[in-house]
Amino acid sequence: MLRIYNTMTRRIEEFKPLKGNRVYMYVCGPTVYDYSHIGHARTYIAYDVIARYLRERGYSVFYLMNITDVDDKIIRRAGERGVNPIELAREYERYFMEDMDALGIQSVNLYARASEYIDEIVDLIKVLIDKGFAYETETGVYFDTSRFKDYGKLSHKRPEELLVHRIEPDPTKKNPADFALWKKRDKDEIGWDSPWGYGRPGWHIEDTAIILTHFGPQIDIHGGAIELTFPHHEAEIAQAEAATGKKPFVRYWCHTGLLTVGGEKMSKSLGNYILIRDIVKKHDPEALRLMFLFSHYRSPIDFKWSSLESSNSSLNSLYNMVERLREVEADEELSEEEKKLEDYYENFKKNFYSYLDDDLDTPRAVAELFKLASTINKILDSQERLYALLKFKLLSEIERISKIFGILEKKPTIEAGLLESVLEILIDVRGKLRIKGEFELADQIRDRLREIGIILEDIGYQTRWKLRR
RNA sequence: GCCCGGGUGGCCGAGCGGCUAGGCGGCGGGCUGCAGACCCGCUCUACAGGGGUUCAAAUCCCCUCCCGGGCUCCA
């Protein structure tokens, strides 16, 4: 039985989708006005693993993510650069996709751009006004939080707490807690026509419109980082439930812990802003994934380069084990030791999946994986061969795990550039043999290379190579 | 100020009433022409501090200290 923590109830609950084994899953995507940083990586890797696990568990998951391409920050940045905001958004969206690819995140079924849902957003706002949950002022259309009794239920805030605000509220609002559905703007800014005049959507409405369009009034999982709980997700509940009348809008609210660098939230002014693209240049993305798996998705993580390096070593040791297992010769006899390993393996499976079932407890599952690795290494140390069926079982299990975690997915391949370097080393060593007069060995190298299609030609003590046609 | 999370061994990080988590690093040993990988052992009875509850507390309760997040920009 799969159980998952629900921010709404603050409890771990049994996971039961609305419609059989179909899972509607939505995660708040990025605002594309800058390169993505490791905080994004943390969040999206966490949901990638959740989606992968649900699928491995037999659920048919539709994973939907929005791309916020209409937003104040985008407009400001575009203004600074003198470019069109949508063009700027497309550019950073492309970088975002590249980063997701680099991190091995392919689990999202559909990315939805806010700008392509303006009609749906306008329709949704109309419904909210008609039902008396929203009102128009000279600056925009606002959601009337006093009309929605449940406002605050997700973030567990009392109504009086909602009156506290850091930013000066728009004076036309009835209540400081009310939030914008439509912002009226001048024609010189990017925007769209609406029944309330030219302008653009508020921050929270796009997600609700996209969800209602693709999934309808109720979904199974809605995710995002913990910082989005209030006001963003609170507002989404208000918009959706007020508009459709169906409760709950979301069956399981998931929130991932925040990532800090040097104990503080990343910011450019602090100089602790680490981009995904800078990490993957120097480090194995799988090491980053493993680093995140070492802690629970809801726990905060303080990023340290030393942790990433430590995870890289851990990853290497797992790869070594897998390689040894792949290469060991199979036989048909089951030894006493192998019997024990088989029992251990059955036990491992039980533990491993029960930990993942328990609110995706990857730290404990990963711990089990390392114990398994150590057990496999021991047996590979103690005997030359491995019982064929056992070898097969272990390898297929590891493959399944690698699919869930998105690690150990690289097959050892040599790309062309590397192959050339290897050839150069070989030619260099052969040259040294010739200088020493060890022609027999040098000729052997030349002959064996010729057999596989590589021709060596000596010109004095220089050697060049070409491929046989 | 109010509301949430946290503070665990050299480092990272689980556990959340009794049952050796795990990883990384270091040291010693085994294996090895050398290196690497791997195995064994040690570092490792650690849980911010102070009270309390309990047969039993890192885990529950109270107080204090420190850190992070939210309180309409945020993954």
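Order of the sequence lines sets the chain letters (A, B, ...), proteins ahead of strands, with each chain counted from 1. We use all heavy atoms of the structure for the numbers below, so side chains are in, but hydrogens, waters and symmetry mates are not.
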Let me know, please, whether A/Ser155 or A/Glu227 comes out on the 5' side of the other along RNA chain B by nearest nucleotide.
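The answer here is A/Ser155.
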
Can you work out whether A/Pro300 or A/Lys304 has the more 5'-proximal nearest nucleotide on RNA chain B?
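With A/Pro300 and A/Lys304 compared, the 5'-side residue is A/Pro300.
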
Nearest-nucleotide pick for [X], side chain only, options being [options]:
{"X": "A/Pro363", "options": "B/A21, B/A75, B/C24", "value": "B/A21"}
{"X": "A/Ser307", "options": "B/C12, B/C39, B/G68", "value": "B/C12"}
{"X": "A/His40", "options": "B/A21, B/C12, B/A75", "value": "B/A75"}
{"X": "A/Cys28", "options": "B/A75, B/G22, B/C73", "value": "B/A75"}
{"X": "A/Ser295", "options": "B/A75, B/A14, B/A21", "value": "B/A14"}
{"X": "A/Lys157", "options": "B/G70, B/C38, B/A75", "value": "B/G70"}

Atom-pair distance ([atom1] on [X]; [atom2] on [N]), nearest Å:
{"X": "A/Glu309", "N": "B/G13", "atom1": "CD", "atom2": "P", "result": "15 Å"}
{"X": "A/Glu206", "N": "B/A75", "atom1": "CD", "atom2": "C1'", "result": "14 Å"}
{"X": "A/Ile45", "N": "B/A75", "atom1": "CD1", "atom2": "P", "result": "16 Å"}
{"X": "A/Phe348", "N": "B/G22", "atom1": "CZ", "atom2": "P", "result": "14 Å"}

Would you call A/Glu336 and A/Lys339 a salt bridge, using N to O less than 4.0 angstrom?
yes

May I ask you to say whether A/Asp220 pairs ionically with A/Arg251, meaning some side-chain N is under 4.0 Å from a carboxylate O?
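Looking at A/Arg251 together with A/Asp220, the answer is yes, because their closest N to O distance falls below 4.0 Å.
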
Among A/Arg52, A/Arg400, A/Arg289, which residue satisfies the salt bridge (Lys or Arg N to Asp or Glu O under 4.0 Å) criterion with A/Glu409?
A/Arg52

Checking base pairs now: Watson-Crick or wobble, both atom distances under 3.5 Å. What partners [N]?
{"N": "B/U20", "answer": "none"}
{"N": "B/U53", "answer": "none"}
{"N": "B/G33", "answer": "none"}
{"N": "B/A58", "answer": "none"}
{"N": "B/G28", "answer": "B/C40"}
{"N": "B/G5", "answer": "B/C67"}

Residues, nucleotides or ligands: over 12 heavy atoms within 6.0 Å of A/Arg57 CZ
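Counting other residues, nucleotides and ligands, CZ of A/Arg57 exceeds 12 neighbours.
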
Looking for any heavy atom pair under 4.0 Å, which part of the strands does A/Ser299 touch: base, sugar-phosphate only, or nothing?
sugar-phosphate

Heavy-atom check, side chain of A/Asp358 versus side chain of A/Arg364, under 4.5 Å
yes

